[in-house]
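Take a look at this one; I'll ask things after.
Below, chain A is the first sequence line, B the second, and so on; all start at residue 1.
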There are 8 protein chains.
Amino acid sequence: MKHIEDVLQKFKDGNLDIDQVVKEIKSLPYKDLGFARVDHHRALRQGLPEAVFCPGKEKEEIVGIIKELKNKNHIVIATRAEQEVADYVLENLPGSIYHKKAGIISYGEFPEPVKTNYVLVISAGTADLPVAEEAIITLKAAGIKTETMFDCGVAGSHRIMGEFETISSASAIIAVAGMEGALASFVGGMASCPVIAVPTSVGYGASFGGVAALLGMLNSCASNVSVVNINNGFSAACIAAMIVKQAKA
Amino acid sequence: MKHIEDVLQKFKDGNLDIDQVVKEIKSLPYKDLGFARVDHHRALRQGLPEAVFCPGKEKEEIVGIIKELKNKNHIVIATRAEQEVADYVLENLPGSIYHKKAGIISYGEFPEPVKTNYVLVISAGTADLPVAEEAIITLKAAGIKTETMFDCGVAGSHRIMGEFETISSASAIIAVAGMEGALASFVGGMASCPVIAVPTSVGYGASFGGVAALLGMLNSCASNVSVVNINNGFSAACIAAMIVKQAKA
Amino acid sequence: MKHIEDVLQKFKDGNLDIDQVVKEIKSLPYKDLGFARVDHHRALRQGLPEAVFCPGKEKEEIVGIIKELKNKNHIVIATRAEQEVADYVLENLPGSIYHKKAGIISYGEFPEPVKTNYVLVISAGTADLPVAEEAIITLKAAGIKTETMFDCGVAGSHRIMGEFETISSASAIIAVAGMEGALASFVGGMASCPVIAVPTSVGYGASFGGVAALLGMLNSCASNVSVVNINNGFSAACIAAMIVKQAKA
Amino acid sequence: MKHIEDVLQKFKDGNLDIDQVVKEIKSLPYKDLGFARVDHHRALRQGLPEAVFCPGKEKEEIVGIIKELKNKNHIVIATRAEQEVADYVLENLPGSIYHKKAGIISYGEFPEPVKTNYVLVISAGTADLPVAEEAIITLKAAGIKTETMFDCGVAGSHRIMGEFETISSASAIIAVAGMEGALASFVGGMASCPVIAVPTSVGYGASFGGVAALLGMLNSCASNVSVVNINNGFSAACIAAMIVKQAKA
Amino acid sequence: MKHIEDVLQKFKDGNLDIDQVVKEIKSLPYKDLGFARVDHHRALRQGLPEAVFCPGKEKEEIVGIIKELKNKNHIVIATRAEQEVADYVLENLPGSIYHKKAGIISYGEFPEPVKTNYVLVISAGTADLPVAEEAIITLKAAGIKTETMFDCGVAGSHRIMGEFETISSASAIIAVAGMEGALASFVGGMASCPVIAVPTSVGYGASFGGVAALLGMLNSCASNVSVVNINNGFSAACIAAMIVKQAKA
Amino acid sequence: MKHIEDVLQKFKDGNLDIDQVVKEIKSLPYKDLGFARVDHHRALRQGLPEAVFCPGKEKEEIVGIIKELKNKNHIVIATRAEQEVADYVLENLPGSIYHKKAGIISYGEFPEPVKTNYVLVISAGTADLPVAEEAIITLKAAGIKTETMFDCGVAGSHRIMGEFETISSASAIIAVAGMEGALASFVGGMASCPVIAVPTSVGYGASFGGVAALLGMLNSCASNVSVVNINNGFSAACIAAMIVKQAKA
Amino acid sequence: MKHIEDVLQKFKDGNLDIDQVVKEIKSLPYKDLGFARVDHHRALRQGLPEAVFCPGKEKEEIVGIIKELKNKNHIVIATRAEQEVADYVLENLPGSIYHKKAGIISYGEFPEPVKTNYVLVISAGTADLPVAEEAIITLKAAGIKTETMFDCGVAGSHRIMGEFETISSASAIIAVAGMEGALASFVGGMASCPVIAVPTSVGYGASFGGVAALLGMLNSCASNVSVVNINNGFSAACIAAMIVKQAKA
Amino acid sequence: MKHIEDVLQKFKDGNLDIDQVVKEIKSLPYKDLGFARVDHHRALRQGLPEAVFCPGKEKEEIVGIIKELKNKNHIVIATRAEQEVADYVLENLPGSIYHKKAGIISYGEFPEPVKTNYVLVISAGTADLPVAEEAIITLKAAGIKTETMFDCGVAGSHRIMGEFETISSASAIIAVAGMEGALASFVGGMASCPVIAVPTSVGYGASFGGVAALLGMLNSCASNVSVVNINNGFSAACIAAMIVKQAKA
């Protein structure tokens with residue numbers, strides 16, 4: 001804001017007339033009016049951990065970005081990290097940890113959850129676990145308490161109903177399922193909170209890489225289900241975290 | 001078979017030699033060897049009622065076909081009959097009945113079910129009822145006992161679980177659902193018999209006229225679910241009837 | 001729970017032995033163990049208004065359901081009500097109101113919002129308004145405070161940025177847009193709360209009835225965007241309401 | 001059920017009043033009321049062999065699950081097993097057999113078919129054989145008699161018609177075909193029993209990985225055809241087995 | 001060609017030098033060099049009747065074009081003519097005939113077929129008849145002899161096989177079918193000539209307006225099947241006519 | 001900018017200190033910094049006529065917007081106007097004109113083209129004319145000279161080649177075609193300028209409402225072809241106008 | 001036919017009565033009535049070379065089938081043969097030739113074309129050549145004369161028009177093109193014979209593996225274009241060969 | 001044109017009569033009338049660099065074509081060149097350069113931009129860079145000045161708005177984006193020139209390899225956006241270059 005102050009001073013001193021000041025102001029809105037702050041502080045403001053999406057980035061690049069982000073954050077995570085990327089990062093960033101199942105590298109200390117509210121992460125089959133784990137580690141990095149229920153296919157629905165309490169007391173639920181994705185509707189009917197459904201690419205043939213689950217979830221007969229992209233455990237976690245952050249403890 | 005007998009008689013009488021007979025036989029396999037019977041008797045042999053699919057047929061034509069089929073059958077049904085068609089048929093075929101919800105016209109007496117085995121027809125929402133009814137009337141015409149469970153959305157799954165006995169004792173189950181079509185998987189996991197899933201065109205937006213339900217059912221995590229075309233309650237009933245027909249009473 | 005108490009009493013009185021009691025208990029879990037309450041109380045428990053989805057229901061049926069639900073609720077709404085349905089309902093339910101743009105009939109008094117937290121409903125074009133209104137009336141019926149921003153196409157993005165404060169202070173945002181659906185991503189980047197994106201069927205040609213917007217929203221580069229079915233303003237409102245309900249005032 | 005008996009005893013002894021017992025009962029329905037049994041016994045009750053779906057599971061995990069299931073079953077099968085998985089399992093489970101074409105590992109003795117009813121497995125081309133074999137081995141493990149007809153493309157339909165007897169006497173037919181998938185309709189017209197159609201991913205270009213066959217089968221003009229997912233020979237076998245199990249010998 | 005002759009004459013007379021003539025020639029290739037003839041004579045040269053595609057044209061316009069084309073042709077047909085269009089045309093073009101089932105108006109005399117070669121038009125169901133008729137009338141207008149086989153669904157395949165001779169002696173076959181479109185493959189295997197498959201929009205649900213039939217036909221296991229657009233009986237007839245035209249009588 | 005000037009004056013007068021001014025400036029960037037002008041002046045600045053997209057707007061609303069826009073513009077157009085809308089507007093806006101084929105209402109005087117550069121609008125079939133006309137009227141309203149070539153199907157390609165000069169001298173070409181949309185590629189190869197391809201919904205069956213044309217155009221082997229939405233003649237005209245506006249006369 | 005003669009003889013001899021003979025005849029239609037001949041002789045009768053489709057067959061199997069077919073044919077071809085398959089076959093079938101570009105192995109002598117009629121194979125880009133070659137070698141094996149035109153993209157249409165004679169004199173044309181597939185329409189308009197269009201998978205992005213070309217060809221504005229599956233040069237050649245075979249020399 | 005002159009001379013000399021000349025002229029239009037020139041000079045005339053599309057061409061072939069084109073051009077580029085191809089070309093064409101990120105090999109000197117008009121290439125994410133670079137190098141080879149803005153995701157829209165001047169002063173803008181592709185609409189609203197949108201295959205799940213971005217761009221609410229194929233940076237550059245070439249300096 002240095003520049004504006006100079007301009008204003010010159011104006012007060014009579015070295016600029018009012019038209020010149022107005023023109024000056026008009027010319028800089030996006031650059032100098034502090035808007036950049038919005039961006040720099042977005043992660044912080046949203047209560048989410050800073051995250052690097054690895055695909056399409058060079059290993060060196062990833063290390064560089066993590067380091068830079070770490071300067072202003074307690075913890076940084078890098079998502080969709082393949083083993084090879086992880087090997088490189090762990091070697092070059094001592095102290096970083098590879099959460100293999102989740103495909104996430106974390107760098108820095110996981111914060112303690114400060115609230116008792118929790119996000120329930122529930123998944124349908126073993127093959128859906130990596131997506132569920134992506135959500136769980138992201139939530140952990142955001143300082144959110146999680147409960148988990150795995151292997152909850154709809155064809156064995158009694159198992160899910162047995163956990164009625166855990167479901168009905170959650171602040172937000174992340175339902176991870178491939179194939180027909182019916183888990184979201186099923187859990188949605190039992191829950192009192194938003195259910196963020198994550199379709200996975202688990203399945204074959206007419207699952208079309210997760211499209212069947214995606215469509216099933218979008219057409220849920222439960223009115224508290226919204227959906228994110230196929231396999232996008234990260235966004236589901238961000239949304240759930242935002243819900244918990246503003247909830248009463 | 002008249003013709004063959006004539007040929008054979010001529011052969012015995014010496015009016016035809018063996019080569020002529022063989023040639024004669026070769027030339028007629030499909031026309032005269034009784035194959036037509038296969039067709040004429042198909043409905044009977046398969047234990048299914050004779051049925052007329054109305055769309056694309058003239059009203060007069062429908063009445064004509066029903067009359068003809070009635071000659072050799074106790075009951076004939078006409079499916080997908082709109083009100084206008086029904087009005088015409090009922091006027092011209094005294095004694096015929098219009099099952100409005102099912103869109104079926106029946107002509108003749110419904111047979112008494114002879115077995116205690118039953119087909120359970122279970123549907124998800126009110127809007128799925130016409131498809132369920134198409135299946136029910138078809139089964140009734142086939143002399144099959146039915147049990148029904150309506151309004152069984154997966155988001156209210158406890159209602160379904162309360163009917164565990166009815167589900168687990170069925171000989172075949174027809175699960176009718178639109179939207180996400182999760183009902184089939186859910187019931188499939190509780191059943192001990194084949195579940196024939198009928199996706200319906202109920203829904204909007206990303207239901208794509210029943211495609212979401214169709215895909216969900218095809219990707220069922222329950223291994224006893226097979227699927228028929230969208231809204232095809234008739235075929236589902238035919239298949240279920242065939243299962244019951246050969247089951248132990 | 002009457003029945004269980006009887007059983008237990010008989011057991012204490014020695015008229016039933018322990019095996020008989022256990023068997024009795026096993027046979028009733030879904031029917032009598034109070035589970036029906038879950039269903040009856042779902043709307044209440046979830047903090048959402050009772051709602052009737054009109055399509056596929058008869059006019060008389062709709063009136064009947066509204067009346068019944070009104071017994072236990074302060075307000076009942078009926079969504080996707082066409083003018084003809086509304087005319088009938090208003091005539092038969094004196095005091096009911098038709099919110100034409102939203103396609104919603106309300107019956108009963110809208111509760112006063114008790115919190116200062118609000119849901120921002122932002123929509124892209126004039127044609128998206130009905131969907132936005134469906135969300136707004138639903139939220140109102142749920143006792144949730146709303147702010148609105150209409151006509152916020154991404155091609156005129158400066159208008160949206162001018163409302164930075166309203167966006168960044170919301171507890172939840174419902175972004176309603178057809179065509180390319182870019183609004184969700186754009187707003188997502190500015191918000192600190194979950195954005196529930198509602199694709200609409202507004203558009204033509206390659207919009208494929210809302211599929212373009214739906215895909216755009218699912219692929220949002222903003223990590224706080226989740227999506228509901230095309231035109232599903234109702235579910236978006238339910239989810240947003242659930243977020244506000246558990247938020248600090 | 002141990003726990004309930006304790007509770008009841010305490011109640012009888014006067015250590016718990018009736019309200020405490022009711023509360024206790026309400027709190028455990030899914031966990032302790034024997035529902036788990038439903039799950040544990042599902043395979044048995046449905047008359048199907050216990051099966052492990054290999055994709056997405058670690059080799060060690062697969063061996064572990066097979067061993068565990070073997071404790072309560074005469075035979076266990078593991079489907080979609082690649083050669084590498086099979087090598088590991090066979091080494092670690094002496095006595096297990098790899099049915100290479102079917103991609104199935106079996107562990108335990110195949111039961112003798114007890115009925116004369118049979119399932120006919122008919123496939124269109126050589127490339128469809130693995131899917132047909134998956135069905136055949138699964139049926140064998142379920143103790144079901146099978147007949148087979150391979151290489152029955154519709155363009156050489158006379159070959160199929162020559163086996164009219166085998167087709168018309170089956171209790172259930174599994175029709176396996178890729179490309180245009182016409183085999184199901186063709187056989188459906190000749191059969192007196194349900195035809196479970198299995199589209200395969202055999203084909204190229206506009207076969208779209210089995211979608212052409214899938215659509216063809218769903219639109220079958222024969223009313224006794226239902227469909228399972230692309231390449232899903234296993235589910236087809238389960239359904240067929242369930243039909244035979246309840247049929248008169 | 002009037003203009004060129006003038007130019008050449010001027011050249012011969014010495015009023016134009018050789019460069020001017022060459023320039024002149026270069027400047028007119030498409031307009032005046034008789035190329036228009038290619039277009040004007042295309043129908044004739046290809047041995048096909050002149051045809052007007054009605055949709056999107058005004059009634060008056062259609063009458064005008066028919067009249068103009070009639071000047072140089074013995075017969076003109078107008079395809080996809082709705083009843084309303086036909087009424088107008090018949091009133092304004094005395095002598096024209098409306099072939100209602102085919103949706104074709106013919107104006108002029110149908111030529112006598114000069115060859116014994118014939119095109120077999122075979123269709124699957126009653127609802128496919130209009131498309132078959134479009135092909136038949138077009139062939140008739142092209143002076144091609146036709147044989148017809150209607151109601152030849154693949155589920156009643158014996159009826160088709162009974163006409164082996166008619167199939168195997170055709171010069172070209174037009175196979176018209178909706179639903180799963182299996183007829184093309186089936187007939188293709190029996191024929192010795194090209195089969196032009198016409199998928200129809202007959203069907204519902206997963207027939208997707210003819211897409212299922214289209215894909216089935218494109219994936220035919222018979223190597224003599226090619227496909228035209230859904231419901232395009234006209235093009236099929238044109239192709240078949242071109243085959244017969246160049247065939248030995 | 002009134003407000004800023006006041007603030008600055010107060011600052012100069014000593015009634016506000018520098019921090020207060022800076023804060024004031026930060027708080028208004030989008031509202032008062034003249035950004036609104038961007039929007040208001042967009043049409044003008046882009047050299048395009050102000051346009052109202054009619055679908056989804058009330059008749060009264062349309063009249064209102066046209067009137068308002070007319071205040072600052074010489075000409076205003078309303079696109080996609082049905083006859084009924086046009087009737088109302090013409091009655092309420094004396095002097096407005098309905099270009100029926102184009103579906104456009106114009107209000108105000110069409111400007112004289114000031115440049116000799118022209119846009120060539122070329123279309124394939126009669127049914128594509130409305131889309132071509134939408135482009136033509138829009139261009140006319142933008143003061144751009146147009147040349148037109150109608151009925152230029154690729155199957156009669158010699159007609160197009162005969163107009164080589166008109167094609168190769170254009171500043172921009174709008175190629176309008178349905179069905180297979182090949183016109184764009186064909187013309188693209190002959191042109192020296194950008195070709196804006198407009199797929200139309202003309203066609204049936206596998207044209208899928210313009211998708212076939214759209215895909216064909218996107219896959220053009222000519223490297224100067226870009227594509228707009230199906231039937232979007234308006235955007236094509238805007239783009240072409242922008243090219244001509246900045247071209248040398 | 002041995003069996004029938006025996007039966008007839010027994011009948012004549014009085015050892016079988018007429019009913020027994022008729023029953024006997026009914027039981028054997030498909031097996032013994034010479035129908036197998038249809039199949040054995042199909043390739044011959046259709047005037048096409050025997051062909052083996054390699055994908056999904058073992059190398060040894062391919063060699064075996066080629067050998068067997070060679071017994072009754074002058075030439076056998078194996079299509080879609082990868083280099084590895086070819087290496088094995090050439091080693092084990094001395095005298096066989098690998099046409100690498102076409103992916104075809106031929107075994108036996110190519111027949112001399114006996115007719116002057118020819119098939120024109122025209123392709124769009126270099127990448128389409130393998131498909132064109134598959135058609136060419138197949139035609140050569142069928143004894144059909146071919147003409148070829150390569151690299152005929154529609155964006156360079158004058159090159160194609162320069163070969164007007166070759167196009168207009170062909171008996172059949174095979175048009176091979178990927179991307180937008182416009183070649184078929186373009187050539188269709190110039191030809192007097194059927195054009196068999198072969199879409200190829202050449203392209204990227206929105207070509208969707210050949211779907212764009214496929215749709216373009218199905219929607220051709222030329223009425224003499226039919227289409228085969230993506231990359232299916234073989235079927236196109238079979239159809240073209242059948243046309244030439246019955247054409248006047 | 002040699003031949004025509006001879007003909008004309010013979011005509012003048014009386015050795016040919018006027019009919020013979022006309023016939024002669026008619027027979028040669030495409031071959032000899034100089035049309036081939038159109039092709040040879042297309043690149044030049046269009047102001048675009050000659051370019052070779054590498055996929056599907058042999059390495060030797062690519063070198064050959066580049067050499068040949070270089071004879072008549074200052075610079076030749078080869079697009080979509082993989083590292084392996086580049087290695088071979090660079091070795092065999094000393095002086096050629098591999099622009100790795102862009103996947104382009106250039107051979108010859110890049111021309112100096114002669115105009116101050118520029119094309120702005122703006123891209124959304126790091127993974128979109130290769131496509132942006134393809135456009136940039138192509139523009140450079142065409143002698144067009146470029147400005148670039150990378151990493152401009154819509155979720156961080158203030159960054160883009162800060163470059164309002166660069167956007168609003170461009171002659172043409174190439175907007176490169178994957179995922180939801182919203183960048184095109186956003187920039188379109190700020191620009192005064194045509195925006196050529198290039199969807200990229202960047203994304204996963206429901207991005208369907210770039211389809212989501214493609215649809216988003218086609219449905220842009222900004223009327224100055226047109227679209228090219230997924231990842232087609234080359235065509236976008238050609239179109240942008242054509243716009244600049246004819247613009248006032």
Max heavy-atom pair count under 4.5 Å with chain G, selected residue of E:A237, E:A197, E:S226, E:A172: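 Of the options given, most contacts go to E:S226.
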Interatomic distance, E:Q246 atom CD to G:S192 atom OG [nearest 0.5 angstrom]: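 One gets 9.5 Å once the value is rounded to the nearest 0.5 Å.
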Distance-minimising heavy-atom pair for G:L218 and E:N229: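 Smallest interatomic distance, heavy atoms only, reads O-CB, 3.2 Å.
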G:S220 portion near chain E, given a 4.5 angstrom heavy-atom threshold: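 Neither the backbone nor the side chain of G:S220 comes within 4.5 Å of chain E.
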Minimal non-hydrogen separation, E:C238 against G:S223, with atom names: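 Looking at all heavy atoms of both residues, the closest pair is CB-O, 3.4 Å.
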Any E:V228 side-chain heavy atom under 4.5 Å of G:V227 side chain: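 A side-chain contact under 4.5 Å is absent here.
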Pairwise side-chain contact, E:I243 with G:P194, heavy-atom cut-off 4.5 Å (strictly under):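 Yes, side chains in contact.
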Exceeds 12 heavy-atom contacts within 6.0 angstrom, atom CD of E:E61: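 More than 12 within 6.0 Å, yes.
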G:V225 portion near chain E, given a 4.5 angstrom heavy-atom threshold: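 For G:V225, the backbone is the part near chain E, not the side chain.
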Residue part contacting chain G, namely of E:L214, when any heavy atom lies under 4.5 Å: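 Answer is side chain: those atoms of E:L214 sit under 4.5 Å from chain G.
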Residue pair G:S235 / E:N224, side-chain heavy-atom distance below 4.5 Å: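 Contact flag for G:S235/E:N224 side chains = no.
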